[in-house]
2 protein chains.
Amino acid sequence: MNTPLDKVDWALLDALQEDARLSYNELSRRVHVSAPTVAQRVRRLEAAGVIQGYHARVDPTAAGRPVIALVRMKCYGARCITVHPELLADCPEVMEVVRLTGDICSVVKVAAPTIRALEQLLERLSRYGETSSAMVLSTPIDWRPVAPPTE
Amino acid sequence: MNTPLDKVDWALLDALQEDARLSYNELSRRVHVSAPTVAQRVRRLEAAGVIQGYHARVDPTAAGRPVIALVRMKCYGARCITVHPELLADCPEVMEVVRLTGDICSVVKVAAPTIRALEQLLERLSRYGETSSAMVLSTPIDWRPVAPPTE
DNA sequence: GATGAAAATCGCCATCG
DNA sequence: CGATGGCGATTTTCATC
């Protein structure tokens, strides 16, 4: 079902991206739409896959994983981790994997407790392809909400 | 205040990373700790900066921004966007900026509505440094919770 | 940190515009 | 398709142990 998102949908998405814990009543006040309508809209957005989940954002450093890195992968053909992400199911250090165009197969974002743990993960990743890693010094922009496409 | 996270803290972090909309009562049931204690713990985690926010995760493609890319930047000295992220305040396409060690200054994650919009953003970014971009074909691992560091 | 209760809030159903 | 009203259930918080 591909009915485009209207003004109310985007107001709800804005609010819930900013604070996922807002109640339907509170959303109703902010968006100036009745609470039952809010609940219906939000459930529709969830069912349509527009909203994929609600998550607390945890600071990896404060949580004991201060070693952040980006690992560029050039996988060996069929063992490409982008087609077998389940290979990394038991690697809690792996936060994100994106598959790319170009000579870099994928980029893996990693959050490890220690340099040593990062080293071990790189060894593991090197089974699947050539790795090239860079440490994350800081995150000037950590997170941004998805904004309505202005057309 | 740097008191390390205990078992209860991690149970709460796990639950709230998985579903940020759980009530304190529901958390109380899952973590087997009384509701007032849950509320107190969660507020402490928020105040300590361990929990940085609660966000709905929105699928950029479903929300009208299907053109995702990673842009590697080699900034021109002082104009480096990692030290002046406010230069990108009015670029809703920019989702994330990480500063890196190595010859790549930073990587910028972008979600644009169209190829044309991506092109325009690249023009803008090229004012600050050399850009090298790769399209995101897919995201085999989109998101992972921060897990307790096993030591 | 647990308990218990009180006040406020929330979510949902049926109904109506 | 959205708004209103009201009910019951849930939640949050306070004081106390």
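Naming: A, B, ... by sequence-line order, numbering from 1 per chain.
- Among the heavy atoms of the strands, none lies under 4.0 Å from B:Arg21.
- Residue A:Gln40 is in sugar-phosphate contact alone, with no base atom involved, counting any heavy-atom pair closer than 4.0 Å across all strands shown.
- For C:dC10, one of the phosphate oxygens OP1 or OP2 lies less than 4.0 angstrom from a side-chain nitrogen or oxygen of A:Asn25.
- A:Gln40 and A:Tyr24 share no side-chain donor-acceptor pair at under 3.5 Å.
- Atom pair B:Glu26:CD and D:dA9:P shows a separation of 18 Å (rounding to whole Å applied).
- For B:Thr37, whose side chain is taken as the heavy atoms from C-beta onward, the closest listed nucleotide among D:dT13, D:dA3, C:dA2 is C:dA2.
- Rounded to an integer number of Å, the gap from A:Leu27 CG to C:dC10 C1' is 12 Å.
- For the side chain to side chain contact (heavy atoms under 4.5 Å, CB included) with A:Trp143, the lone residue among B:Gln52, B:Glu96, B:Met95, B:His55 that qualifies is B:His55.
- Rounded to an integer number of Å, the gap from A:Arg29 CZ to C:dG11 C1' is 13 Å.
- A straight line from NZ of B:Lys7 to P of C:dG1 spans 15 Å, rounded to a whole angstrom.
- Applying the 4.0 Å criterion to OP1 and OP2 of D:dC1, one finds that A:Arg41 has every side-chain N and O outside that range.
- Residues A:Leu22 and A:Glu26 share a closest heavy-atom pair of CD2-CG, 3.6 Å.
- The nearest whole Å value for the distance from the OH atom in B:Tyr24 to the P atom in C:dC10 is 13 Å.
- As judged by a 4.0 angstrom heavy-atom cut-off over every strand, B:Ser23 is placed among residues touching the sugar-phosphate backbone only.
- At a cut-off of 3.5 Å, with distance as the only test, no side-chain donor of A:Gln17 or B:Tyr54 sits close to an acceptor on the other residue.
- Atom CG in A:Leu12 sits roughly 11 Å away from atom P in D:dG2 (whole-Å rounding).
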Exercise for the section: Would you check, one step at a time, whether the test side-chain contact (heavy atoms from CB on, under 4.5 Å) holds for A:Leu100 with B:Met135? Expected result: CA-CA 6 Å; A:Leu100 296 178; B:Met135 302 284 308; over 6 Å; no
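- The side chain of B:Ser34 places no N or O atom within less than 4.0 Å of a non-bridging phosphate oxygen (OP1 or OP2) of C:dT3.
- Taking every side-chain heavy atom of A:Val33 into account, D:dA3 is the closest of D:dA3, C:dG1, D:dT4.
- Rounded to an integer number of Å, the gap from CG of B:Leu22 to C1' of D:dT11 is 13 Å.
- For A:Arg43, no side-chain nitrogen or oxygen approaches OP1 or OP2 of C:dG11 to under 4.0 Å.
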